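Mind having a look at this structure? Questions to follow.
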Amino acid sequence: KNTNFAENISILIQAASAKRNYIGMARLKRLKKIRLHREGNTILWNSLIALLVTNGALYFLLKDSNLWPFYIYAAITVSLFAIAVNFFRCPIRLFPGDTENVVVASADGKIVVIEEVDENEYFHDRRLMISIFMSITNVHANWFPVDGFVKKVVHHKGNYHKAWLPKASTENERSTVVIETPAGQEILVRQVAGAVARRIVTYARPDDACYIDEHMGFIKFGSRVDVYLPLNSEVLVEMGQATVGNQTVLARLNPEAANA
C-alpha cells in the first residue's frame, strides 16, 4: 500500500510539473509572438531616451505657462515612436503544413510582380520572379522561403530607387541568397533596399542549412524581396495579394518535371 501511495504521489507531482511547464511554454509562446527584432534595439532605445529627455525638458520649460505646445509635441513624438516600435515587430511564426517543394513568402507585404524575367546575376537564364513590396507599416523581418542549404550570399552596393520600380531589383542596394532545395532545385532570393531603407541585414551564410520558419534577415524602413523560381513552378498567388511572411504559400516547385 505504501508503495502504491508513493507511486500515486509521484504521478501527481509529475502531472503538476507538466502542467506548469505547459502553462509556462504557452505564456512564453504568446510573449515571443509580440517580441521586437534585435535590429531595432539601438534605434528604439536611443529614440526612447531622446523622447523622454526632450519631452521632459519641454514640460519643465512650459509648466508655469501654456502647456499646449508640450501636448502637441508629446503627441507627435509618441506617435512616431509607436510607429517605430510597430516597424520592428518580430513575430515568431511556424509554417503549418508540409514544407516539401513549397515556397513561402519571405516577407509581409503585397505581391507587385509575377513574371518571367532574365536573371543575369547567377542563373543567366529565364526565371519566374515573384516580388513582395513591404511598406513602412509591415513587419520587415525576412524568412527563408524554402528548406535547403545556402550556396551563395552576395551583398551589392547600389542606388535607392523606390522599391516597387522594376530597376530597383538590379540597381538598388541588395543582397542575393542562393538556396538549393533537398530535391536539387536552386532558388534565388534577393533583399532589395528602397528609397528609405539604408541597411540590409542578411543572416544567411554559405554552406549553412536553412529551413522555412527561420529568419533570413531584416531590411530597415521600406523595401522588397524578390524570389526567382524555375519556370515550371506552380504559382499560387496573384498580383496585389497581401502576404504574410512564413505563412503565405507563393508557389509549389515541380522537381519531377525538371528532371524529366
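As the structure is a prediction and not an experimental result, all values here were calculated from the model.
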Of all heavy-atom pairs linking Arg224 and Phe133, the shortest is CB-CA, 4.0 Å

Which heavy-atom pair separates Leu51 from Thr77 by the least distance, and what is that distance?
->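 Leu51 and Thr77 have their closest heavy atoms at CD1-O, 3.5 Å.
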
Is the shortest side-chain N to carboxylate O distance from Lys152 to Glu121 below 4.0 Å?
->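 No, Lys152 and Glu121 are not salt-bridged.
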
Main-chain N/O of Gln241 paired to Glu238 side chain as donor or acceptor, under 3.5 Å | no

Taking the side chain as every heavy atom from C-beta outward, state whether Glu234 and Asn254 have any atom pair closer than 4.5 Å.
-> no

Under 3.5 Å donor-acceptor, Asn246 side chain and Asp213 backbone = yes

Looking only at atom types and distance, does a side-chain atom of Asn101 sit under 3.5 Å from a main-chain N or O of Leu253, one as donor and one as acceptor?
-> no

Which pair of non-hydrogen atoms, one from Pro230 and one from Ile187, has the smallest distance, and what is that distance?
-> CD-CD1, 3.8 Å

Reported OG1-to-NE2 distance for the pair Thr202 and His155, which is rounded to 0.5 angstrom | 7.5 Å

4.5 Å side-chain heavy-atom contact, Glu173 and Lys157 | no

If every non-hydrogen atom of Ile179 is compared with every non-hydrogen atom of Pro145, which pair is closest and at what distance?
->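 That would be CD1-CD, 4.1 Å.
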
Does Asp98 reach the main-chain N or O of Glu100 with its side chain, forming a donor-acceptor pair under 3.5 Å?
-> yes

OG1 (Thr54) and CG (Leu61) are apart, to the nearest 0.5 Å, by 12.5 Å

Does Thr243 reach the main-chain N or O of Gly109 with its side chain, forming a donor-acceptor pair under 3.5 Å?
-> yes

Smallest separation among heavy atoms of Phe144 and Ser106, with atom names =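 Of all heavy-atom pairs spanning Phe144 and Ser106, the closest is C-OG, 4.4 Å.
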
Distance-only side-chain donor-acceptor flag, Thr99 / Tyr211, under 3.5 Å | no

So, Asp207 and Arg205, do they make that salt bridge, N to O below 4.0 Å?
-> no

Any side-chain heavy atom of Val103 sitting closer than 4.5 Å to one from Ser233?
-> no

Salt bridge present between Asp108 and Arg93 (N-O < 4.0 angstrom) |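 Between Arg93 and Asp108 there is a salt bridge, with a charged N closer than 4.0 Å to a carboxylate O.
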
For residues Trp143 and His215, determine if any side-chain heavy atom of one lies less than 4.5 Å from a side-chain heavy atom of the other.
-> yes

Compare every heavy atom of Trp68 with every heavy atom of Asn66, then report the nearest pair and how far apart it is.
->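 The answer is OD1-N, 3.0 Å.
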
